[in-house]
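Presented below is the structure to which this report refers.
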Amino acid sequence: MFQGMEYVYAVYKEKSFSKAAQKLFISQPSLSAAVKRVEQKVGYPIFDRSTKPLSLTECGEKYISAVEKIMAVENGFVDFINDWGELKTGSLVLGGSSLFSSWILPQIMGAFSRKYPLVKIALVEENTSRLEELLQSGGVDLVMDNCILDSSVFDRCEYQEEHLLLAVPGNFKINEKLQEYGISAEDIRKGIFLNPEVPGVPLEYFEKEPFILLKPDNDTGKRAMNLCQDHGFTPNVVFELDQQQTAYNVTCSGLGISFVSDTLVSLGTDNPNVIYYKLEGKDNTRKLFFYWKKGRYFSRVMEEFLKTAGAGCQQTDSI
């Protein structure tokens, strides 16, 4: 019943017989015949050929789900075999949001590739919800994220702790009243701002200022809103965006205040037109994790990558 499943899966991924045939380097009639043979063995059609693009029937959805489970088992066995080759071959697919894919993961990937140059590494940049889907389906092996994912589905290890800061355009007059609270990008890079003697800014001073927040389903957006409400006000949101880097860029242009992580400030390019402030409150601190699917074969490639990432990931524990 699953002989020829690679043909069915290719059509499913491409949503087209012609495109799938090109990918497989076979003729379209040959591909159509191969898929038809599978459907005959199953006893029901897998594809609804009346729709454009091609879609799955109810039976087809179950078939594809089963195929992905088979592929996951096969990939797990390939990972196991690769372990015996001392990482002279193998692959690793990483996932992260725009911030982590731009500033953190490439550095770790470079260090890992210098140690194991024959291991192929791929990087997927997506939002958290999509990365969670890919991690569960086996589309990625490891995901870096600062959200808390379902502990019944995923295991994790801590990479580092990060802190939210307030980024304010330097031309805002409110800065003149709060000079004693301002901190520099250099203080953030060196971690000096974490000293208990460095005061957090009273956030309520910014109640009437324009804010650039991330959307409510984003962890930074949720924390920003909580911090404002804990200080007795609802922020005046002039832009609602998807990415922390984008919000920071808008702040750099002078249009509003944003909440950014010390990760972004430490690794990004400093902007002299922005003033930073330390924040106080339970929502200003969070942890950055590497996640992987619970119960999957934990390959040596994954293990060595986490070791390369740093001491915090050398021990891999369940949540």
Side-chain angles (χ1 to χ4, degrees), residues 2 5-6 9 13 64-162 219 263 286-319:
F2 291 99
M5 67 180 188
E6 66 274 14
Y9 198 73
K13 294 295 287 185
I64 292 298
S65 176
V67 167
E68 289 181 333
K69 290 177 182 177
I70 293 170
M71 292 169 65
V73 172
E74 289 180 343
N75 290 335
F77 183 68
V78 169
D79 285 339
F80 176 78
I81 293 299
N82 288 337
D83 285 353
W84 295 94
E86 298 181 356
L87 298 186
K88 293 181 180 179
T89 184
S91 63
L92 182 68
V93 183
L94 304 168
S97 67
S98 177
L99 175 61
F100 305 137
S101 296
S102 299
W103 297 109
I104 298 182
L105 288 173
Q107 295 184 22
I108 306 172
M109 291 164 63
F112 180 82
S113 292
R114 287 189 288 274
K115 294 167 69 174
Y116 305 106
L118 299 179
V119 175
K120 296 179 180 179
I121 303 181
L123 178 60
V124 176
E125 182 180 316
E126 286 285 358
N127 59 40
T128 296
S129 59
R130 179 57 180 153
L131 289 171
E132 189 173 357
E133 292 174 2
L134 290 170
L135 195 58
Q136 189 164 8
S137 68
V140 296
D141 300 307
L142 294 170
V143 163
M144 174 178 277
D145 209 295
N146 50 29
C147 292
I148 301 300
L149 303 186
D150 189 346
S151 62
S152 67
V153 180
F154 305 106
D155 282 335
R156 73 185 184 190
C157 73
E158 181 182 338
Y159 176 65
Q160 67 181 30
E161 186 174 79
E162 65 175 6
D219 183 73
T263 302
R286 63 189 175 195
K287 296 186 184 298
L288 184 55
F289 297 103
F290 276 105
Y291 285 98
W292 61 94
K293 185 179 179 180
K294 185 184 289 289
R296 66 155 289 171
Y297 173 65
F298 194 83
S299 70
R300 186 161 163 256
V301 172
M302 294 166 64
E303 180 183 355
E304 291 301 322
F305 183 85
L306 293 181
K307 286 182 179 179
T308 302
C313 281
Q314 287 185 16
Q315 293 294 325
T316 55
D317 301 314
S318 296
I319 298 176

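Nothing fancy with the numbering, it's 1 onward along the sequence.
Annotation: side chain of Thr128 is not in contact with side chain of Asp219 (no heavy-atom distance under 4.5 Å). Side-chain contact check for Gln160 versus Thr263: some heavy-atom pair is nearer than 4.5 Å. Within the 4.5 Å cutoff, no side-chain heavy atoms of Val78 are placed close to those of Glu74.
Closest approach of Ile108 to Phe305, counting heavy atoms only: CG2-CZ, 3.5 Å. Across all their heavy atoms, Glu161 and Glu158 have their closest contact at N-OE2, 4.1 Å. Smallest separation of non-hydrogen atoms from Phe289 and Cys147: CD1-O, 4.4 Å.
The distance from the CZ atom of Phe112 to the CD1 atom of Ile121 is 5.0 Å, given to the nearest 0.5 Å. Rounding to the nearest 0.5 angstrom, the gap separating the OG atom in Ser98 from the CH2 atom in Trp103 is 10.0 Å. Separating the CD1 atom in Ile64 from the CE atom in Met5 is a distance of 10.0 Å, to the nearest 0.5 Å. We find the CG-OG distance between Leu118 and Ser91 to be 13.0 Å, quoted to the nearest 0.5 Å. One finds the CG atom of Leu92 at 11.5 Å from the CD atom of Glu304 (value rounded to the nearest 0.5 Å). Interatomic distance, Glu126 CD to Asp145 CG, rounded to the nearest 0.5 Å: 12.0 Å.
A salt bridge is absent between Arg300 and Glu303; no separation between the charged side-chain nitrogens and carboxylate oxygens falls under 4.0 Å.
When atom types are taken as modelled, the side chain of Ser101 and the backbone of Gly96 share a donor-acceptor pair closer than 3.5 angstrom. Checked by atom type and distance alone, the side chain of Lys293 pairs as donor or acceptor with a backbone atom of Gln136 at under 3.5 Å. Without hydrogens or angle criteria, Tyr159 side chain to Met144 main chain gives no donor-acceptor distance under 3.5 Å. Put simply, the side chain of Ser137 gets close to the backbone of Leu134: a donor and an acceptor are under 3.5 Å apart.
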Report task. Evaluate side-chain contact (heavy atoms from CB on, under 4.5 Å) for Phe100 paired with Asn146, printing each intermediate quantity in order. Result -> CA-CA 10 Å; Phe100 305 137; Asn146 50 29; 3.4 Å; yes
Requested in this report: Please test Arg156 against Ile148 for side-chain contact (heavy atoms from CB on, under 4.5 Å), starting from the C-alpha separation and ending with a verdict.
Outcome: CA-CA 10 Å; Arg156 73 185 184 190; Ile148 301 300; 3.5 Å; yes
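Enclosure of atom NZ in Lys115 by more than 12 non-hydrogen atoms of other residues, nucleotides or ligands within 6.0 angstrom is indicated. Sparse packing is recorded around CZ of Phe77, with 12 or fewer heavy atoms of other residues, nucleotides or ligands lying under 6.0 Å away.
Applying the ring pair (Phe, Tyr, Trp, His ring centres under 6.0 Å) test between Trp292 and each of Phe298, Tyr297, Phe154 identifies Phe298 as the sole match. Partner of Val93 under the side chain to side chain contact (heavy atoms under 4.5 Å, CB included) criterion, chosen from Leu135, Val143, Val140: Val140. With respect to Phe290, the side chain to side chain contact (heavy atoms under 4.5 Å, CB included) criterion is satisfied by exactly one of Asp141, Asp155, Leu306: Leu306.
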